[in-house]
Amino acid sequence: LPLEVDEWSIEQLTEWLIKEVTEGIDDTGIKAGIFKSGIWRCRIEGPELKALRAVARATLETGVAITTHTTGSRRYEITGGNMGGEHLKYLLEEGVSPDRLIVGHADERPDINFLSELAEKGCYIQFDTVGKDRWMRDETRADLVKELIRRGYGDKIMLATDRCRKKELYEELGGLGYVHLLANFVDTMKDAGISDSDITRILEENPANCLAVSY
């Protein structure tokens with residue numbers, strides 16, 4: 001975390017985040033299009049809670065969505081295997097609509113009933129470690145996606161690959177790269193019986209609806 005998280009008030013952090021969305025990051029003129037809340041333990045506290053409240057208030061001001069991360073090493077200590085419920089609790093306290101929350105890393109230790117509850121409340125459920133077999137086989141991910149669709153939450157699913165290391169990006173280093181989602185996982189979803197229309201909704205319509213903002 002940058003030192004500002006410790007030194008600044010929630011109000012100062014909120015202003016900083018809003019500026020990065022409305023004016024640009026530093027002096028680049030490049031505007032951020034999404035906020036992120038990262039939690040590394042099995043609870044939200046200290047500077048991470050402070051930052052989350054700032055993110056919530058910046059979202060209220062701009063309408064920009066919030067994507068989330070929680071550490072994989074603590075999954076078994078978290079109800080439902082995901083911090084989504086705790087994130088939503090604090091966001092609701094701040095007045096943020098559930099449809100601004102993207103529950104990240106939903107496919108590391110998923111409880112399908114817990115994910116369904118969050119989707120029912122309006123949150124987006126993001127399977128974003130596609131291709132990382134150490135967490136789960138892609139075939140299982142596809143089956144979970146299919147079940148969420150069957151339960152009526154096809155409009156609340158999004159996909160990603162969470163590529164964050166060089167060795168994951170390049171085939172010559174043994175990685176699958178960003179292309180894996182479209183080159184391979186789409187076929188895995190089709191093999192699971194997910195329709196072309198549902199795949200289009202997940203890959204195109206849902207992100208467009210979630211990420212669109214006007215401010």
Side-chain angles (χ1 to χ4, degrees), residues 1-71 78-80 82-106 114-115 117-128 153-164 201-215:
L1 292 173
L3 289 176
E4 287 86 352
V5 176
D6 280 328
E7 298 172 351
W8 289 2
S9 66
I10 294 176
E11 290 74 20
Q12 287 174 300
L13 290 171
T14 302
E15 291 177 6
W16 183 25
L17 292 169
I18 291 172
K19 182 177 182 293
E20 291 202 333
V21 167
T22 58
E23 299 179 25
I25 300 169
D26 295 328
D27 297 321
T28 66
I30 299 171
K31 298 177 181 180
I34 194 167
F35 295 127
K36 183 174 183 179
S37 170
I39 307 300
W40 79 281
R41 301 183 70 184
C42 57
R43 55 189 177 273
I44 303 176
E45 60 185 3
E48 292 175 343
L49 177 56
K50 181 181 178 181
L52 176 59
R53 291 198 183 279
V55 164
R57 296 175 193 186
T59 287
L60 287 174
E61 183 71 23
T62 64
V64 171
I66 303 164
T67 189
T68 59
H69 160 87
T70 54
T71 180
I78 303 171
T79 300
N82 189 285
M83 192 61 82
E86 288 296 302
H87 269 111
L88 182 59
K89 179 181 76 174
Y90 289 111
L91 294 176
L92 291 175
E93 284 182 6
E94 295 287 341
V96 176
S97 174
D99 68 357
R100 295 295 79 207
L101 173 60
I102 302 170
V103 179
H105 299 340
F114 178 73
L115 297 180
E117 290 172 8
L118 291 173
E120 178 66 27
K121 293 175 181 176
C123 304
Y124 285 90
I125 307 302
Q126 186 164 267
F127 290 73
D128 55 22
Y153 305 121
D155 61 340
K156 291 297 177 182
I157 303 169
M158 293 204 290
L159 302 174
T161 58
D162 195 35
R163 296 290 174 256
C164 55
R201 175 166 55 168
I202 292 168
L203 291 178
E204 299 179 22
E205 297 170 16
N206 293 351
N209 290 333
C210 179
L211 299 176
V213 292
S214 59
Y215 44 80

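Judged as a side-chain hydrogen bond (donor to acceptor under 3.5 Å, both in side chains), and not counting sequence neighbours, N206 has no contacts. Legend: residues meeting side-chain hydrogen bond (donor to acceptor under 3.5 Å, both in side chains) with E86, ordered by chain and number and at least two apart, are K89. Partners of E45 according to the side-chain contact (heavy atoms from CB on, under 4.5 Å) rule, which considers only residues two or more places apart in sequence or in another chain, are R41, R43. Under the rule for a side-chain contact (heavy atoms from CB on, under 4.5 Å), the partners of A58 that lie at least two apart in sequence or sit in another chain are T14, L17, I18, F35. Residues passing the side-chain hydrogen bond (donor to acceptor under 3.5 Å, both in side chains) test with T59: none are found, sequence neighbours excluded. Legend: residues meeting side-chain contact (heavy atoms from CB on, under 4.5 Å) with K19, ordered by chain and number and at least two apart, are E23.
Sorted by first and then second residue, the pairs that involve residues 90-100 and meet salt bridge (Lys or Arg N to Asp or Glu O under 4.0 Å), not counting sequence neighbours, are R53-E93, R53-E94, R57-E94. For residues 1-28, the ring pair (Phe, Tyr, Trp, His ring centres under 6.0 Å) pairs, not counting sequence neighbours, are W8-W16.
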Can you give each donor-acceptor pair under 3.5 Å made by side-chain atoms of residues 154-161, sequence neighbours left out, with the distance rounded to 0.1 Å?
{"residue": "K156", "atom": "NZ", "partner": "G122", "partner atom": "O", "Å": "3.0"}

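Closest approach of L13 and V5 over heavy atoms only: CD2-CA, 4.1 Å. Contact detail for L115 and A106: the closest heavy-atom pair is CD1-O, 3.7 Å.
Annotation: side chain of T22 is in contact with side chain of T62 (closest heavy-atom distance under 4.5 Å). N209 is listed as a side-chain neighbour of Y124, based on a closest heavy-atom distance under 4.5 Å. By the 4.5 Å heavy-atom criterion applied to side chains, L211 and I34 are counted as neighbours. Here the side chains of N82 and F114 are in contact, with some heavy-atom distance below 4.5 Å. Using a 4.5 Å heavy-atom threshold, the side chains of V103 and H87 count as separate.
Listed for the K36 side chain is no donor-acceptor partner under 3.5 Å among the backbone atoms of H69.
A distance of 13.5 Å separates CD1 of I102 from CG of L118, quoted to the nearest 0.5 Å.
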